[in-house]
> 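Let me give you the structure first, and then I'll get to my questions.
Heads up: numbering here begins at 1 and tracks the sequence.
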Amino acid sequence: MTRQCLDKDIKITPVEGRVHVIFDDAEIGSSTNALHLDEPGCPRRVYFPRDDIQPGILEETETRTTCPYKGEASYCTIKTLTATGVDQVWYYPDPCPLVEPIRDMLAFWGDRIEIRYSAV
């Protein structure tokens, strides 16, 4: 299958300091190697290395979406002892060249997700 990747002014930069991802009031990951992705017309996203997220809480789902600038996203559900967040995590296993730095990195969204920043 051939895909068409369109061009857009997307900027990917390292996050300064440490960034934490909170789900249902509990920290499920933190990283000093996360990336900001700034895409015009979209909220700024933080992408976390998979190794910086608590092991065993993500379950792959069948959900897929396609972005003409980033490629096909795969989704995961967050499952902790206290809560479940269906399809609240996504990543690009085979991204468009424009966003290659975020390959397999995890982004989070949802009403129980909070991103916090701290100094190292």
> What is the minimum heavy-atom distance between Thr61 and Thr77, and which atoms define it?
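It is CG2-OG1, 3.2 Å.
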
> ring-ring contact (aromatic ring centres under 6.0 Å, His included) between Tyr91 and Tyr47: does it pass, once the steps are laid out?
CA-CA 8 Å; Tyr91 66 97; Tyr47 283 80; over 10 Å; no

> Same cluster for Ile12 and Leu106 if Ile/Leu/Val/Met/Phe/Trp/Tyr side chains link at under 4.5 Å?
no

> Does a salt bridge link Glu39 with Lys70, judged by any charged N lying under 4.0 Å from a carboxylate O?
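Answer for the salt bridge query: yes.
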
> Identify the two heavy atoms, one from Leu58 and one from Cys76, that lie closest to each other, and give their separation to 0.1 Å.
CB-CB, 4.2 Å

> Around Glu16, counting heavy atoms of other residues, nucleotides and ligands shown, do more than 12 lie under 6.0 Å from its CD?
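At most 12 heavy atoms, drawn from other residues, nucleotides or ligands, come within 6.0 Å of this atom.
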
> Please check if the side chain of Lys79 supplies one atom and the backbone of Glu59 the other of a donor-acceptor pair under 3.5 Å.
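Not at all, since once roles are kept as given, no pair shorter than 3.5 Å links the two residues.
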
> Is the shortest heavy-atom distance from the side chain of Cys5 to the side chain of Pro68 under 4.5 Å?
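No; the side chains remain at least 4.5 Å from each other.
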
> Taking NZ, NE, NH1 and NH2 as the nitrogens, is one of them in Lys11 or Asp9 under 4.0 Å from a carboxylate oxygen of the other?
yes

> Rounded at 0.5 Å granularity, tell me how far OG1 in Thr13 sits from CZ in Arg44.
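Result: 5.5 Å between the selected atoms.
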
> In terms of relative ring orientation, are Tyr75 and Trp90 parallel, tilted or perpendicular, with 30° and 60° separating the classes?
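Tilted, since the angle between the ring planes falls between 30° and 60°.
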
> So with a 6.0 Å cut-off around CG of Leu6, is the heavy-atom count from everything else above 12?
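It does: Leu6 CG has more than 12 such atoms within range.
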
> Search all heavy atoms of Ser31 against all heavy atoms of Pro49 and return the closest pair with its distance.
OG-CD, 3.5 Å

> Between Thr32 and Arg18, is there a side-chain donor-acceptor contact under 3.5 Å, judged purely by atom types and distance?
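Arg18 vs Thr32: no donor-acceptor pair found between side chains.
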
> Quick one: does any side-chain atom of Thr66 pair with a main-chain N or O of Glu72 as donor and acceptor, under 3.5 Å?
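A pair under 3.5 Å: no.
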
> Between Ile53 and Gly29, what is the shortest heavy-atom contact and its length?
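In terms of heavy atoms, the two residues are closest at CD1-CA, 4.0 Å.
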
> Answer with yes or no after comparing the ring centroid distance for Tyr117 and His36 against a 6.0 Å cut-off, counting only values under it.
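Ring-ring flag for Tyr117/His36: true, centres closer than 6.0 Å.
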
> With hydrophobic residues grouped by side-chain heavy-atom distances under 4.5 Å, do Val46 and Phe23 end up in a single group?
yes

> Using the salt bridge (Lys or Arg N to Asp or Glu O under 4.0 Å) rule, take Arg112 and Asp25 through it: C-alpha gap first, then chi angles, then the decisive distance, then the call.
CA-CA 8 Å; Arg112 290 180 291 175; Asp25 296 322; over 6 Å; no

> Starting at CD1 of Ile28, measure out to CZ of Phe108 and round the result to the nearest 0.5 Å.
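Ile28 atom CD1 to Phe108 atom CZ measures 4.5 Å (nearest 0.5 Å).
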
> Do Arg103's NZ or CZ and the ring of Tyr92 fall within the cation-pi criteria of under 6.0 Å and 45°?
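Ring-cation test returns no.
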
> Taking atom CD1 of Ile10 and atom CG of Asp38, what is their separation to the nearest 0.5 Å?
10.0 Å

> What's the separation between atom CD1 in Ile57 and atom CD1 in Ile78, rounded to the nearest 0.5 Å?
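One gets 6.0 Å once the value is rounded to the nearest 0.5 Å.
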
> For a quick test of reading the model, state the closest non-hydrogen atom pair linking Tyr69 to Asp7 and the distance between them.
CE2-O, 3.6 Å

> Take Ile22 and His20 through the side-chain contact (heavy atoms from CB on, under 4.5 Å) test and state the conclusion after the steps.
CA-CA 6 Å; Ile22 312 300; His20 310 262; 4.2 Å; yes

> What are the two closest non-hydrogen atoms of Leu35 and Ile102, and how far apart are they?
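Minimum heavy-atom separation between Leu35 and Ile102: CD1-CG2, 4.3 Å.
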
> Under a 4.0 Å threshold between the charged nitrogen and the carboxylate oxygen, would Arg64 count as salt-bridged to Glu62?
no

> Could you grab the distance from atom CD1 of Ile115 to atom CH2 of Trp109, nearest 0.5 Å is fine?
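Going from CD1 on Ile115 over to CH2 on Trp109, the span is 13.5 Å.
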
> Let me confirm one number: the OG1-CG distance from Thr84 to Asp24, rounded to the nearest 0.5 Å.
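Reported value, rounded in 0.5 Å steps: 9.5 Å.
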
